[in-house]
Amino acid sequence: MTQAPTVDNVSPMNEVSDADWLRELKLRKSGDEQLRVAAKTGDAAEFQEAWLASVSGLAGKEGEKTRDTWKQIAADSRNSVLSSSDAAVREFAAERSARPLTSVAEVGDLITGLSTLAWRSNVLDAASFIALFRWCVEQSQELIEQTHTGASIDSVDALRAAAELPVVAGLLFRDVKGTKSWTLTGRKVWEAWWDEQTDNDGTIHARWLSSALPVVQSLARAESFARLYGESLLGKRLTDRFQRASERLLSLSMPGRFLTFQSKVPAASPSAMANALKAIGFRRNSPIRGQFELYGASGKNAAAGTSRSALPDVSHQSDWAEWAAMRNSWEADADQIVVEHSGEYPQVNIVLNGEPLFCGTWHFELKIDGALWDPSSAWGMVCTFDDDEASYFELQQQDEKLGLTFTRQFFLNKTERFVLLAEIVKCESAKHIEYQSDLPVAQSNCVTEQDSLTREQAVTCGKQRVRVLPLAWPQDRFTNAHGAISIADGKLQIREDVQATGFCVPVLFEARKERRNKPVDWSILHIAEDGKFVAAEEACGRRFRIGREQWIYFHNLKTGTFSRSAMGMHTNHETVVARFTNKGDFEPLLQVEP
């Protein structure tokens, strides 16, 4: 990080009166002469008058646009001072001015103070104005110096202090000596941050996904303010990087919601992202900005009106960024799976028909021969696939010492509209495996139904009804099974208990309205190799039917010597999802090599 520039010849905090501090303030000779002369007098009223004249341009047409933009993309409620009553502005200024100057301000409060000086300082009396002005100058210097002495940028506030604050304070206090380099410093930080925190295709790292919107809003405030002074932060390098990043961020948006992995946290509106892109300079005809606006506008028609050919691919994945997104379309009723795997447990967001189904951390607990497994390795995306019909990715953890492999599969059928999840555990040394996992349901008002004769379940959230088919176990409820699935206490809960070296638990989720009342059935297939049946701990095969449509899911837990067959389908692949046609043929949707 570069060394922060300092304001020249400003007396240490709290050691002089405001009047003496103003007399000692060094202003550039090339700057505003009226402001420089007023400072020499130490008269607060005279200096305030000169200040208001120097920022009069901010009250013009472009200045008013920027002020309105700041209102729209405020990072938090503190920025509401721009639209507050005069009394509230005076209260804000008085409260900040009363704080000891030796305590470092929060960056949100400080940028709010700067916006007050830019647009609302005319409602303050002279004493309050000069106290707020001094507080902003000294706190800006202190925070910029503190941030640029090697501190890591590990939060939105840290990024705002390192990048947004230097730009805004450097421009607003451009007549003060020592601030000339602030704006340049902030610009360099923005460029470096987007380079360091995004993949080559623009995918922002998973650690910043929950903060993606406030990060973009911070850049938007800085850029819109810079343009008031005829400058821009967006050189070709940053423009190209951010353009690609915005395309990837679009995949986090659905009608009325900007994705969050925390179901209890209200999702932000896509309109907030659209407003930020507008402030950054995305034109009205930008497909990305247009799609965010449409998603933020209204319900089922939110995706109408944008050229699909101009939008990015609906699915993408980045090993470096540690997350992936797949969906079937940009329509309002899209199906989508987003998974980030940067932490101990994957974060999952699943949407069907445009409505959130699951959202949160997919926890698990695994015991091998009675001993609780403590995974030490990171999750890795070991396989991905995407075409017009289906998307697929596979997460995996391994314990080489124990000889254990834990896999989670995510399959989205784009054309026939269903989601298949599978959990697979293999451990050669195991004799007894106990497993349980839970995945939070996205909405708190969900109602669960259990079929009286089968293991089929359904979960209804508002108008959305999703059928849950636990393919791992026999359809008949009265046949013994070594596991169970339930939707209770706001979570999808899966349990498996086997005397074996491994297991595979596939579960299907289906919410297509025209198939809501269609009959379903599924069966456990016998897998054969070289004329002999294969044990369940070596291979898993399932046939499932909804209405007249049928599919097969197959997974090899242990690779055989010869090809294996299931229901007449012969394969050497590790995983297969195939459509079973009316003619008795198999049309593979997914084939994963061993």
Side-chain angles (χ1 to χ4, degrees), residues 57-58 60-75 79 82 163-164 167-168 171 183 186-187 190-191 193-195 197-198 200-204 212-259 268-298 301-314 316 325 329-332 334:
L58 300 183
K61 184 177 180 180
E62 293 303 315
E64 290 178 357
K65 285 183 179 180
T66 302
R67 181 195 60 195
D68 293 340
T69 295
W70 277 42
K71 292 178 185 178
Q72 290 179 324
I73 59 176
N79 285 278
L82 291 177
E164 181 182 352
V167 171
V168 176
L171 291 170
T183 301
R187 177 176 181 170
W190 276 122
E191 290 181 346
W193 188 90
W194 284 100
D195 275 350
Q197 302 301 328
T198 59
N200 291 331
D201 66 351
T203 308
I204 192 171
L213 178 58
V215 164
V216 175
Q217 288 175 324
S218 179
L219 176 61
R221 284 189 298 273
E223 171 63 12
S224 61
F225 201 77
R227 289 183 181 181
L228 287 178
Y229 294 88
E231 298 189 27
S232 176
L233 310 176
L234 302 175
K236 186 179 187 305
R237 177 181 170 187
L238 181 54
T239 299
D240 291 345
R241 200 75 167 192
F242 184 76
Q243 173 66 35
R244 294 195 296 272
S246 67
E247 294 175 358
R248 294 293 177 250
L249 292 175
L250 181 61
S251 67
L252 303 179
S253 187
M254 297 291 289
R257 295 182 305 281
F258 190 71
L259 179 145
S269 169
S271 297
M273 183 63 77
N275 290 333
L277 295 181
K278 177 183 177 182
I280 288 172
F282 280 56
R283 297 184 181 277
R284 185 185 297 273
N285 61 355
S286 162
I288 302 301
R289 172 186 159 186
Q291 196 67 15
F292 275 115
E293 289 176 344
L294 289 168
Y295 279 160
S298 59
N301 295 322
T306 299
S307 170
R308 298 298 177 267
S309 62
L311 290 172
D313 293 338
V314 292
H316 65 89
S329 74
W330 293 112
E331 302 297 331

What salt bridge (Lys or Arg N to Asp or Glu O under 4.0 Å) pairs are there with at least one residue in residues 238-251, not counting sequence neighbours? D195-R241, D201-R248, K236-D240
Where at least one partner belongs to residues 271-282, residue pairs that pass side-chain hydrogen bond (donor to acceptor under 3.5 Å, both in side chains), sequence neighbours excluded: S269-S271
Could you note down all residue pairs passing side-chain hydrogen bond (donor to acceptor under 3.5 Å, both in side chains) where residues 279-289 supplies at least one of them, sequence neighbours left out? R289-E293
Looking only at heavy atoms, what is the nearest atom pair of [X] and [Y], with distance?
| X | Y | answer |
| --- | --- | --- |
| A226 | L171 | CA-CD1, 3.4 Å |
| F292 | S246 | CE1-O, 4.3 Å |
| A220 | A279 | CB-CB, 3.9 Å |
| I204 | T198 | CA-CG2, 3.9 Å |
| A212 | L249 | CB-CD2, 3.8 Å |

Taking the side chain as every heavy atom from C-beta outward, state whether [X] and [Y] have any atom pair closer than 4.5 Å.
| X | Y | result |
| --- | --- | --- |
| F242 | F282 | yes |
| F225 | V167 | no |
| T183 | Y229 | no |

Hey, is the main chain of [Y] close enough, under 3.5 Å, to the side chain of [X] for a donor-acceptor pair?
| X | Y | value |
| --- | --- | --- |
| W330 | P312 | yes |
| S224 | T66 | no |
| S218 | P214 | no |

Atom [atom1] in [X], atom [atom2] in [Y]: separation rounded to 0.5 Å?
| X | Y | atom1 | atom2 | value |
| --- | --- | --- | --- | --- |
| E164 | W190 | CD | CH2 | 6.5 Å |
| L250 | H316 | CG | NE2 | 9.0 Å |
| Q197 | T203 | CD | OG1 | 13.0 Å |
| L311 | S251 | CG | OG | 12.0 Å |

Checking side-chain contact (heavy atoms from CB on, under 4.5 Å) for the pair L219/W193: CA distance, chi angles, key distance, verdict? CA-CA 11 Å; L219 176 61; W193 188 90; over 6 Å; no
Residues in salt bridge (Lys or Arg N to Asp or Glu O under 4.0 Å) with R227, at least two apart? E223
Partners of E64 by salt bridge (Lys or Arg N to Asp or Glu O under 4.0 Å), sequence neighbours excluded? none
Do L238 and R187 pass the side-chain contact (heavy atoms from CB on, under 4.5 Å) test, and can you show the C-alpha distance, the side-chain angles, and the key distance before you say yes or no? CA-CA 10 Å; L238 181 54; R187 177 176 181 170; over 6 Å; no
Who pairs with S329 by side chain to side chain contact (heavy atoms under 4.5 Å, CB included), at least two apart in sequence or on another chain? E331, A334
